Protein chains: 2
Amino acid sequence: MKSTTSTSEKILDIAQSLVVAGGYNGFSYADISAAIGIRKASIHHHFPTKAELVSALVDRYRQQTGAGLKSLREGISDPSEQLQAYVNFWHSCIGDASLPFCVCAMLASEMQMLPEEVASQVRAHFHGLAEWLASVLQSGAEAGRFRLDNRPEEEAQIVMASVHGAMLSARAFGDPGLFIVIVAPQIARLQAPDRQGNAGQESSTHGR
Amino acid sequence: MKSTTSTSEKILDIAQSLVVAGGYNGFSYADISAAIGIRKASIHHHFPTKAELVSALVDRYRQQTGAGLKSLREGISDPSEQLQAYVNFWHSCIGDASLPFCVCAMLASEMQMLPEEVASQVRAHFHGLAEWLASVLQSGAEAGRFRLDNRPEEEAQIVMASVHGAMLSARAFGDPGLFIVIVAPQIARLQAPDRQGNAGQESSTHGR
DNA sequence: TGTTGCCTACCTACTAGTAGGAAGTTAAAT
DNA sequence: ATTTAACTTCCTACTAGTAGGTAGGCAACA
């Protein structure tokens with residue numbers, strides 16, 4: 001069977017893993033060159049400048065993400081399960097170290113010194129993801145699967161921040177399992193019809 | 001009045017702002033040199049290697065943070081207000097752009113390619129901050145000012161991740177106000193005696 | 001007198017990026 | 001069918017500039 005992975009795709013693959021590991025300034029053409037056994041100049045043939053390379057990389061990532069999120073919405077009927085599937089995706093990525101950090105979250109931290117063409121794409125990713133989450137949350141709220149304390153757009157921002165913050169903590173502590181420890185309760189809170197998550201509701205034992 | 005800011009402190013100051021802006025690989029000795037009007041070699045006199053420079057910088061940051069958090073716990077009696085003060089600190093830092101990102105959060109994203117001496121300090125910062133937050137949350141829960149759905153350590157991780165994620169989103173969207181939009185509801189959720197927001201409350205109905 | 005702080009001058013390694021050519025592929029013109 | 005032209009991919013060899021870091025000297029000061 002022939003491997004139909006073109007050279008330029010291989011370049012993007014390794015560049016992506018390098019960006020995820022160390023950000024925009026954390027890799028060089030020489031790194032890619034060494035990783036896929038091709039000369040530096042040949043990489044410049046495919047991607048003349050570093051800005052173009054990373055731009056193409058984020059572009060591809062955004063397309064993949066867009067397609068993935070779209071298929072979640074279309075392939076799963078329950079919005080609550082759509083959200084769960086999104087979280088599960090990152091849970092396994094971080095767990096098996098295949099994509100232990102979101103490319104755009106990584107680049108967002110370097111926002112201030114990114115080439116404008118890259119920065120605007122990172123912004124667009126955040127915008128798109130926030131929209132997707134807000135849409136899922138709203139649908140779920142309408143279907144009675146979510147209980148939102150704030151506007152869907154705000155809850156979406158909260159979920160997104162939790163996911164990114166959880167990625168960061170997992171990385172900082174070197175503990176992949178921390179991701180789901182942080183994110184799961186946040187999701188559960190949205191799904192729970194009431195705080196205890198049980199059917200009845202005794203709560204308020206008072207005491208202050 | 002004489003400015004008692006020593007050269008080495010000035011170096012750390014500018015280095016810190018450069019790290020916050022672009023991470024470990026986002027600045028060079030030449031950048032510092034240009035910023036404070038001193039030769040590159042003179043910086044090497046104070047901090048022989050880049051790893052030592054950043055290590056000293058994180059060390060100073062950790063001391064400042066530790067002192068700040070300690071004084072919050074000692075100077076404010078209500079744990080709920082202690083937490084609020086912590087959040088307000090970042091809110092104003094991000095608002096006036098004085099320290100628009102946590103040094104250690106920035107470095108944590110580059111964890112995988114940091115010199116070990118720096119990486120371990122970043123880990124220590126995360127550990128210490130998580131402990132402080134857990135302690136505040138536990139005190140607040142005992143005093144009836146917080147209602148926790150999970151163990152204090154877990155809630156602390158959630159708060160920390162929210163703060164870091166909110167920083168990232170504020171940066172990604174280029175909107176400083178987004179920080180508090182994300183963090184405030186998370187704090188409010190902890191403070192609320194119950195979901196309806198009425199006056200009754202509390203006591204450990206723990207999710208567990 | 002020795003230490004501190006800063007300097008000039010320099011080094012090696014690496015950065016992104018360029019010039020130009022060798023090989024192979026494709027497709028039209030002869 | 002064969003030559004020709006255009007194009008793609010990759011190469012060697014190179015550039016100017018920057019990276020972190022070093023050697024050694026000079027002046028102020030304790």
Side-chain angles (χ1 to χ4, degrees), chain A residues 2-19 21-60 106-107 110 112-119, chain B residues 2-60 106-107 110 112-119 121:
Chain A
K2 53 180 298 195
S3 155
T4 36
T5 320
S6 71
T7 301
S8 58
E9 292 241 324
K10 274 191 272 186
I11 293 172
L12 292 181
D13 287 343
I14 178 70
Q16 175 166 306
S17 73
L18 289 170
V19 165
Y24 188 90
N25 293 302
F27 77 101
S28 73
Y29 273 50
D31 295 328
I32 302 172
S33 165
I36 62 176
I38 201 181
R39 298 294 133 173
K40 254 178 35 177
S42 305
I43 303 171
H44 280 285
H45 166 74
H46 293 279
F47 305 100
T49 70
K50 194 179 185 181
E52 285 175 84
L53 166 57
V54 175
S55 189
L57 153 63
V58 178
D59 200 57
R60 189 185 66 156
M106 191 69 202
L107 292 171
E110 303 177 290
Q112 313 199 4
M113 45 158 327
L114 248 35
E116 176 50 38
E117 48 191 313
V118 177
Chain B
K2 52 177 301 194
S3 155
T4 37
T5 322
S6 69
T7 301
S8 58
E9 292 242 323
K10 274 192 272 186
I11 293 172
L12 292 181
D13 287 344
I14 179 71
Q16 175 166 306
S17 73
L18 289 170
V19 165
V20 166
Y24 189 88
N25 293 301
F27 78 101
S28 72
Y29 273 49
D31 295 328
I32 302 173
S33 167
I36 63 176
I38 202 182
R39 299 293 133 174
K40 251 178 37 176
S42 307
I43 303 172
H44 280 284
H45 167 72
H46 293 278
F47 305 100
T49 70
K50 194 179 186 182
E52 285 175 85
L53 166 58
V54 175
S55 189
L57 153 64
V58 177
D59 199 55
R60 189 185 67 156
M106 190 70 203
L107 291 172
E110 302 176 291
Q112 314 197 2
M113 45 158 328
L114 248 35
E116 178 48 39
E117 49 191 314
V118 177
Q121 276 189 311

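Because only heavy atoms are used, hydrogens play no part in the values below, and waters and symmetry mates are left out as well, while side chains stay in. Protein chains get the first letters and strands the later ones, always in sequence-line order, with residue 1 at the start of each. As the structure is a computational prediction, the values presented were derived from the model and not from experiment.
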Q) Are A:Glu52 and A:Thr49 close enough that a side-chain donor and a side-chain acceptor fall under 3.5 Å? A) yes

(Q) At less than 4.0 Å, is any side-chain N or O atom of A:Ser28 found next to OP1 or OP2 of C:dC14? Yes or no. (A) no

Taking only nitrogen or oxygen atoms into account, show me every contact under 3.5 Å that the protein makes with nucleotides 24-27 of chain C, one pair per line with its distance.
none

Q | Nearest-Å distance for atom pair OH/P, residues B:Tyr29 and C:dT12 | A | 20 Å

Q: May I ask you to say what A:Phe47 touches in the nucleic acid, namely base, sugar-phosphate or nothing, with a heavy-atom cut-off under 4.0 Å?
A: nothing

Q: Could you check whether B:Ala30 gets within reach of a base, just the sugar-phosphate, or nothing at all, counting any heavy atom under 4.0 Å?
A: sugar-phosphate

Q: May I have the distance from B:Asp31 (atom CG) to D:dG21 (atom P), rounded to whole angstrom?
A: 14 Å

**Q.** Donor/acceptor link under 3.5 angstrom from A:Lys40 side chain onto base of C:dG17
**A.** yes

(Q) Just N and O in the side chain of A:Thr7: are any of them under 4.0 Å from OP1 or OP2 of D:dC10? (A) yes

Q. For C:dT18, does either OP1 or OP2 sit under 4.0 Å from a side-chain N or O belonging to A:His45?
A. no

Q | Passing candidate, side-chain contact (heavy atoms from CB on, under 4.5 Å) with A:Tyr24, options A:Leu18, A:Val19, A:Val54 | A | A:Val54

Q: Look at the side-chain N and O atoms of A:Ser42 and state whether any lies under 4.0 Å from the OP1 or OP2 oxygen of D:dC11.
A: yes

